[in-house]
Amino acid sequence: MLDTRPLERAMLAAFAELTEGPVADLGCGPGHLTAHLHSLGLDVSGLDLSPAMIALAREAHPELRFEQGTMTALDLEDGTLGGILAFYSLIHMPPHELPAVFDEFFRVLAPGGHLLLGFYAGDDPEPREFDHKVTLAYRWSPSSLADLLGKAGFAEVGRLVREPVEGERFLQAQLLARKP
């Protein structure tokens with residue numbers, strides 16, 4: 001996927017350059033982005049709710065650490081991560097659950113730690129649900145999602161919104177935030 005997505009590669013590279021310390025790829029799926037971050041020099045591990053995804057990730061990337069778990073209750077001490085990647089992994093969460101998830105992210109990030117979110121974007125101020133090949137998903141206005149991050153204590157560093165390419169239905173967005 002990254003071979004044909006130069007803007008996503010650029011955001012991931014910026015995240016890697018800004019991040020110091022261990023990184024968690026939350027909702028890592030088959031581990032391709034975990035492996036990409038590792039190739040950029042990060043100490044990264046993956047976490048996913050799905051045992052099947054963790055099995056695929058471990059098979060494809062046996063040199064990396066992958067665990068099954070939920071991002072709503074991370075088994076990590078406060079302030080232990082330098083970075084969190086949540087790339088298209090929050091799209092299936094009901095909007096009312098995101099504030100608690102962002103509080104959890106804030107808890108486990110060290111001061112100065114970075115968070116990079118990837119998601120489907122829209123112009124509506126309220127999240128909009130849509131049918132996704134896995135299950136119900138949500139599109140967010142980047143400003144609305146940035147506001148939620150701000151309420152959790154994060155400071156926005158930057159954002160990217162790009163037009164859909166062939167095979168995509170919606171705008172694609174990334175938000176990079178920092179824990180002060």
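Below, each value reflects all heavy atoms present in this structure, side chains not excepted, and no hydrogens, waters or symmetry copies.
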Smallest separation among heavy atoms of Ala173 and Ala121, with atom names: CB-CB, 3.7 Å
Option from Leu117, Leu175, Leu98, Leu90 for which side-chain contact (heavy atoms from CB on, under 4.5 Å) with Trp140 holds: Leu98
Any side-chain to backbone donor/acceptor pair from Arg107 onto Phe102? Under 3.5 Å, distance only. no
Separation between CD1 (Ile84) and CZ (Phe106), nearest 0.5 Å, reads 11.0 Å
Between the side chain of Thr19 and the main-chain N/O of Ala16, is any donor-acceptor distance below 3.5 Å? no
Hey, what's the ring geometry for His132 with Phe130, parallel, tilted or perpendicular (30° and 60° as the breaks)? perpendicular
If only atom types and distance count, is the side chain of Lys179 paired as donor or acceptor with the main-chain N or O of Gly113 below 3.5 Å? no
Just verifying a value: how many Å separate Arg9 CZ and Thr4 OG1, rounded to the nearest 0.5 Å? 8.0 Å
With side chains defined as the heavy atoms from C-beta onward, is the minimum distance between Phe154 and Leu148 less than 4.5 Å? no
Quick check: are there more than 12 heavy atoms from other residues, nucleotides or ligands sitting under 6.0 Å from CG of Asp123? no
Please answer: with hydrophobic residues joined when any side-chain heavy atoms are less than 4.5 Å apart, are Leu33 and Met71 in the same cluster? yes
Parallel, tilted or perpendicular: which fits the ring planes of Phe66 and His61, with parallel below 30° and perpendicular above 60°? tilted
Answer yes or no: are there more than 12 heavy-atom neighbours, outside Glu97 itself, under 6.0 Å from its atom CD? yes
What's the separation between atom OG in Ser141 and atom CZ in Arg128, rounded to the nearest 0.5 Å? 10.5 Å
Return yes if some donor-acceptor pair links the side-chain N/O of Asp48 with the main-chain N/O of Met53 below 3.5 Å, else return no. no
When rounded to the nearest 0.5 angstrom, what distance separates CD in Glu104 from CG in Leu74? 4.5 Å
Same cluster for Leu37 and Leu64 if Ile/Leu/Val/Met/Phe/Trp/Tyr side chains link at under 4.5 Å? no
If the threshold is 4.0 Å, N to carboxylate O, is there a salt bridge linking Glu126 and Arg139? no
Answer yes if Phe170 and Val161 sit in the same cluster of Ile, Leu, Val, Met, Phe, Trp and Tyr residues linked by side chain heavy atoms under 4.5 Å apart, and no otherwise. no
Applying side-chain contact (heavy atoms from CB on, under 4.5 Å) to Met93 and Val101, what does each step give before you reach the verdict? CA-CA 9 Å; Met93 280 203 169; Val101 170; 3.4 Å; yes
Between Asp25 (side chain only) and Thr34 (backbone N and O only), is there a donor and an acceptor less than 3.5 Å apart? yes
Once you round to the nearest 0.5 Å, how far does CG of Leu109 lie from CZ of Arg178? 10.5 Å
Decide yes or no on side-chain contact (heavy atoms from CB on, under 4.5 Å) for Leu85 and Leu12, but give the supporting numbers first. CA-CA 9 Å; Leu85 176 69; Leu12 290 164; 3.8 Å; yes
Cationic N near anionic O, under 4.0 Å, Asp131 to Arg169: no
Pairwise distance CD(Glu156) to CG(Leu145) - rounded to 0.5 angstrom: 9.5 Å
Can you find a side-chain donor-acceptor pair between Thr70 and Thr72 that sits under 3.5 Å? yes
In this structure, would Met11 and Leu149 fall into the same cluster of hydrophobic residues linked by side-chain contacts under 4.5 Å? yes
Result of checking Arg162, His36, Gln172 against Glu8 for side-chain hydrogen bond (donor to acceptor under 3.5 Å, both in side chains): Arg162
What I want to find out is whether Arg5 reaches Glu168 closely enough, with some N-O distance under 4.0 Å, to be called a salt bridge. yes
Is there side-chain contact between Cys28 and Leu47, with at least one heavy-atom pair below 4.5 Å? no
Aromatic ring proximity, centroids under 6.0 angstrom, Tyr88 and Phe119: no
Flag, side chain of Ser144 to backbone of Pro125, donor-acceptor distance under 3.5 Å: yes
Residue Gln68 excluded, over 12 heavy atoms near CD under 6.0 Å: yes
Worked check of side-chain contact (heavy atoms from CB on, under 4.5 Å) between Phe105 and Leu26: CA-CA 10 Å; Phe105 289 2; Leu26 302 180; 3.4 Å; yes
Taking it one step at a time, do Tyr138 and His92 satisfy side-chain contact (heavy atoms from CB on, under 4.5 Å)? CA-CA 6 Å; Tyr138 297 87; His92 301 294; over 6 Å; no
With a 4.5 Å limit on heavy-atom distance, are the side chains of Arg58 and Glu63 in contact? no
Is the shortest side-chain heavy-atom distance between Leu116 and Phe87 below 4.5 Å? yes
Are Val157 and Leu40 connected in a single hydrophobic cluster, I mean Ile/Leu/Val/Met/Phe/Trp/Tyr linked by side-chain heavy atoms less than 4.5 Å apart? yes
